[in-house]
Amino acid sequence: MKMNENFFISKAIDPLPYESNWEAPSNIALIKYWGKKNLQIPKNPSLSFTLDKSVTRTSIRFEPSKSGKFNFKFFFNDSLKPDFDDKLHVFFDRIKKYVCWITNYELTIKSINTFPHSSGIASSASAMAALSLAIMDLESYLFNFEKNDFFFTKASFLARIGSGSASRSIKGPVTIWGDNRKISNSSDLYAIEFGKDLNSIFKSYQDIILLVDKESKNVSSTKGHDLMHSNPYAEKRFLQARRNCDSLIPIMKSGDLDAFIKIVELEALSLHAMMMTSNPYYILMKPNTLSIIEKLWDFRKEKNIPACFTMDAGANVHILYPSEYEKQMIPFIDQELSSFCKNKEYIVDQVGAGARKLD
Ligand code: PMV
């Protein structure tokens with residue numbers, strides 16, 4: 001069933017102490033979300049691989065508030081991190097309408113990431129997903145309901161309000177966020193699983209993340225989305241993304257890898273084309289990003305291995321391929337591509353099953 005906003009508004013209830021621990025993965029979009037309206041309502045549907053090893057682990061201790069006011073403390077890697085407070089305040093202000101019981105609490109939030117900071121892996125996606133799941137955990141305890149479809153759908157709904165792509169970090173191995181006419185239960189408000197028809201080849205896909213640049217980006221994603229409002233190519237881009245999504249859905253079922261590669265690489269380059277045609281224009285790719293792409297294309301042609309690349313909003317390159325090619329791919333990446341990475345660093349990840357509750 002497709003749910004509207006009112007389904008997600010909870011009642012107020014007396015507070016009880018509670019602790020919850022969740023692990024949520026990052027994700028890499030194959031169809032890119034770039035451009036939005038209102039509170040992370042996407043201009044086009046997006047589709048992503050959920051990652052496996054690149055995760056955020058978050059624990060929240062909920063205490064009934066002594067002052068009667070909502071408050072929180074945020075620790076990252078065991079140190080108090082007030083730098084994130086503004087972003088978190090905005091998030092809590094936005095979600096209070098949907099979890100109004102939370103206003104009676106003081107929260108101690110502790111988070112760690114398994115991947116390096118500023119590695120270009122979307123840490124806001126995994127962080128907002130883990131946070132939303134821990135909040136939903138307490139809601140399900142207070143209102144006595146199971147961790148059912150509603151639980152995970154509302155977690156995705158809340159995560160979206162924190163960071164759009166976070167809506168896709170609840171479930172796996174492939175999720176879709178945004179209305180799509182081919183998938184009747186798809187929604188702009190939350191992500192859904194691709195479902196049973198997913199071709200088995202995509203269930204063990206590998207993602208090697210080449211760390212070309214570990215500096216923070218000089219143009220944030222928030223700014224990048226905003227610049228789409230004045231980009232002269234924006235409407236055509238949203239149309240292209242919708243069409244690419246329509247074309248990719250049957251490919252995710254059939255496992256046609258030649259067609260998969262064409263759409264995934266087109267999406268990555270189209271995302272970066274939007275950055276270069278914004279006003280002010282900017283480039284997040286580095287010379288080494290292009291060297292990696294060229295080497296990969298030569299290798300693919302020479303060896304006939306269906307490996308392709310995608311990129312996030314940054315200089316790093318994700319190399320995607322079916323697990324059966326691991327024996328050829330790892331030596332190639334190690335010997336030919338790692339020299340384009342900062343300190344030869346890369347992360348070996350793969351497609352994963354989604355978030356989980358920790359003991
Ligand atoms: O969720 P945001 O606001 O960080 O935007 C993410 C945008 C991309 O990562 C570039 C694309 C995507 O769909 O994940």
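Whatever order the structure lists ligands and atoms in, that order sets their numbers, starting from 1. The first residue of the sequence shown is numbered 1, and numbering continues consecutively from there.
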| task | Identify the protein heavy atom lying closest to atom 11 (C) of ligand 1, giving its residue, its atom name and the separation to 0.1 Å. | result | Tyr33 O, 3.4 Å
| Is Asp78 atom CG crowded by more than 12 heavy atoms from other residues, nucleotides or ligands, each under 6.0 Å away? | no
| Val264-Trp34 co-clustered via ILVMFWY side chain contacts under 4.5 Å | no
| query | Which residue and non-hydrogen atom of the protein lie closest to atom 1 (O) of ligand 1, and at what distance in Å? | reply | Ser165 OG, 2.7 Å
| query | Are any of the N/O atoms in Ser163 less than 3.5 Å from those in ligand 1? | reply | yes
| task | Enumerate the atoms of ligand 1 whose separation from the nearest heavy atom of Gly164 is less than 4.0 angstrom. | result | 1 (O)
| note | heavy-atom search around atom 9 (O) of ligand 1 in the protein gives Asp312 OD1, 2.6 Å
| said: Counting only heavy atoms not in Arg356 (residues, nucleotides, ligands), do more than 12 fall under 6.0 Å from its CZ? | reply: no
| query | Could an N or O of ligand 1 be found under 3.5 Å from any N or O of His225, whether backbone or side chain? | reply | yes
| query | Atoms of ligand 1 less than 4.0 Å from Ala29 heavy atoms? | reply | 12 (C), 13 (O), 14 (O)
| Distance-only side-chain donor-acceptor flag, Ser123 / Asn113, under 3.5 Å | no
| task | Please find out if less than 6.0 Å separates the ring center of Phe260 from that of Phe202. | result | yes
| query | Are Leu290 and Phe299 co-members of a hydrophobic cluster defined by side-chain heavy atoms under 4.5 Å apart? | reply | yes
| task | Could you list the atoms of ligand 1 found under 4.0 angstrom from a heavy atom of Ala313? | result | 10 (C)
| Heavy-atom gap Arg168 to ligand 1 smaller than 4.0 Å | yes
| Taking the six-membered ring for Trp, are Phe309 and Trp297 parallel (under 30°), tilted (30 to 60°) or perpendicular (over 60°)? | tilted
